[in-house]
Amino acid sequence: MSESLQNRIKKVLQEKVNPILQTEGGGVELVEVTDDKVVKVKLQGACGMCPFAQYTLAGVVERLLK
């Protein structure tokens with residue numbers, strides 16, 4: 001995994017994803033980017049316990065990273 005890919009992912013999470021999630025008291029943290037480019041994240045705050053977390057991951061996090 002290239003360092004620039006990880007940096008680009010962190011930038012998207014920081015500048016685009018987290019501002020959206022912070023409006024609801026949550027956030028997301030990058031855990032790992034695997035060699036086959038699978039991005040692993042951890043939901044934080046209110047997002048970690050939200051019953052709609054899967055929708056947040058697919059509808060917000062995944063969409064903005066792609």
With rounding to the nearest 0.5 Å, note down the distance linking [atom1] in [X] to [atom2] in [Y].
X: Glu62; Y: Thr56; atom1: CD; atom2: OG1; result: 12.5 Å
X: Gln44; Y: Met49; atom1: CD; atom2: CE; result: 12.5 Å
X: Lys37; Y: Leu5; atom1: NZ; atom2: CG; result: 6.5 Å
X: Lys42; Y: Glu32; atom1: NZ; atom2: CD; result: 14.0 Å
X: Leu57; Y: Leu43; atom1: CG; atom2: CG; result: 4.5 Å

Val33 side chain near Val38 side chain, heavy-atom distance below 4.5 Å: no
Between Val41 and Val39, is any pair of side-chain heavy atoms under 4.5 Å apart?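 The answer is yes; the side chains approach within 4.5 Å.
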Closest approach of [X] to [Y] (non-hydrogen atoms, all atoms of both residues):
X: Lys40; Y: Leu30; result: O-CD1, 3.7 Å
X: Val12; Y: Leu65; result: CG1-CD2, 3.8 Å
X: Cys47; Y: Ala53; result: O-CB, 3.7 Å

Residue pairs involving residues 14-31 (criterion salt bridge (charged side-chain N to carboxylate O under 4.0 Å, His left out); sequence neighbours excluded):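 The answer is none; no pair qualifies.
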Take Leu64 and Leu13, measure what side chain to side chain contact (heavy atoms under 4.5 Å, CB included) needs, and give me the verdict at the end. CA-CA 8 Å; Leu64 289 172; Leu13 292 176; over 6 Å; no
